[in-house]
Number of protein chains: 2
Amino acid sequence: MSKSLEHAARWFHALADETRLRIVHRLSEGEQCVCDLTDVLGTGQSLLSFHLKTLKEAGILRDRREGRWVYYSLNLEALEEIEKLVGSLKAMNGRLQAALKCCE
Amino acid sequence: MSKSLEHAARWFHALADETRLRIVHRLSEGEQCVCDLTDVLGTGQSLLSFHLKTLKEAGILRDRREGRWVYYSLNLEALEEIEKLVGSLKAMNGRLQAALKCCE
DNA sequence: TTGACAAATCAAGAAAAGTTGATATATTGG
DNA sequence: CCAATATATCAACTTTTCTTGATTTGTCAA
């Protein structure tokens with residue numbers, strides 16, 4: 001755990017922003033090119049680029065260039081790891097609860 | 001989803017810090033009083049208080065006063081919701097993949 | 001090759017979050 | 001009630017992150 005803390009924190013930080021969550025949600029429908037994501041933000045293109053970079057560097061998105069366009073998609077492995085991590089945080093606690101329940 | 005985005009972002013933000021993850025990890029062993037958590041941080045007590053507050057306000061921790069001491073514990077429901085949320089982000093994508101696989 | 005479009009990068013400023021030390025509040029034991 | 005201990009809050013400061021507009025890079029089509 002201790003070594004992966006930094007990594008985990010980076011994951012959560014990447015998800016800790018409404019706009020980025022909106023992007024991830026959009027991409028959960030499947031791969032999309034940047035140009036199709038522009039409407040997610042009311043504002044400038046550079047900001048979208050910034051958020052995409054943040055998510056990509058955290059390992060949550062992958063990108064792929066195809067001619068003029070760049071396509072982004074979710075990295076499902078990362079999301080799975082995050083899901084497991086969250087699960088593991090409550091896991092031990094749950095076990096303790098269960099253990100206590102049996103001894104009431 | 002759209003209405004809960006802000007809430008979700010607050011959850012992830014609360015978890016987007018190594019120290020707070022360390023606290024959560026500690027608490028996954030069960031409820032602990034603040035005084036037992038002081039060693040999680042190398043530094044001052046007010047900082048610990050700040051991080052606990054951040055986690056509590058995000059709904060991830062509960063607190064309970066018992067005499068002079070305040071005990072913090074995980075809010076398992078919140079962690080479960082977070083886990084489900086992360087799962088749902090990859091879910092549709094997974095379904096699409098599965099759907100495609102069957103038609104190869 | 002040039003012009004047009006997609007996307008990334010950069011620099012500068014604004015906003016938010018983290019950190020620190022000092023002080024306040026609450027509770028209990030003496 | 002007073003002194004001691006646990007925890008929270010506050011104000012000031014530092015650091016990080018977000019946002020914007022301008023510039024750059026890459027790719028294609030004419």
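Note that the structure is predicted; figures quoted are calculated from it, not measured. We name chains A, B, ... by the order of the sequence lines, and we start the count at 1 in each one.
- Atom CG in A:Leu52 sits roughly 13 Å away from atom P in D:dT19 (whole-Å rounding).
- Between the CG atom of A:Leu37 and the C1' atom of C:dA8 there is a distance of 15 Å, rounded to whole Å.
- The distance between atom CG of B:Asp63 and atom P of D:dA8, rounded to the nearest whole Å, is 7 Å.
- Rounded to a whole Å, the CD atom of A:Glu18 is 10 Å from the P atom of D:dT19.
- Here B:Glu80 pairs with A:Lys90 under the salt bridge (charged side-chain N to carboxylate O under 4.0 Å, His left out) rule; sequence neighbours left out.
- The pair B:Arg26-B:Asp39 counts as a salt bridge, with a side-chain nitrogen and a carboxylate oxygen less than 4.0 angstrom apart.
- In this structure, B:His13 NE2 and A:Leu15 CG are separated by 13.0 Å, a value rounded to the nearest 0.5 Å.
- Between A:Leu52 and A:Asp63 there is no side-chain heavy-atom pair separated by less than 4.5 Å.
- A heavy-atom distance below 4.5 Å is not found between the side chains of A:Lys53 and A:Lys56.
- C:dA8 atom P lies 8 Å from atom CG of A:Leu48, rounded to whole Å.
- At the heavy-atom level, B:Tyr72 lies under 4.0 Å from the strands shown only through sugar-phosphate atoms.
- A single hydrophobic cluster is seen to contain both B:Val40 and B:Leu61, as judged by linkage of ILVMFWY side chains at heavy-atom distances under 4.5 Å, directly or through other members.
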- [ ] For nucleotides 25-30 of chain C, just jot down a letter per nucleotide in 5' to 3' order: B, S or -, based on protein non-hydrogen atoms under 4.0 Å.
- [x] --BSS-
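- Salt-bridge annotation for B:Glu31 and B:Arg64: present, with a side-chain N of the basic residue lying under 4.0 Å from a carboxylate O of the acidic one.
- Here C:dA7 presents its C1' atom at 15 Å from CG of A:Leu61, a figure rounded to the nearest Å.
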- [ ] Sugar-phosphate means primed atoms, P, OP1 and OP2; the rest is base. With that split, encode nucleotides 9-21 of chain C 5' to 3' as B, S or - using protein heavy atoms under 4.0 Å.
- [x] B-------SBBBB
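- Separating the NZ atom of A:Lys56 from the P atom of C:dA7 is a distance of 13 Å, rounded to the nearest angstrom.
- Using a 4.0 Å cut-off between a side-chain N of Lys or Arg and a carboxylate O of Asp or Glu, A:Glu18 and A:Arg20 do not qualify as a salt bridge.
- Side-chain atoms of A:Ser49 do not come within 3.5 Å of backbone N or O of A:Gln45 as any donor-acceptor pair.
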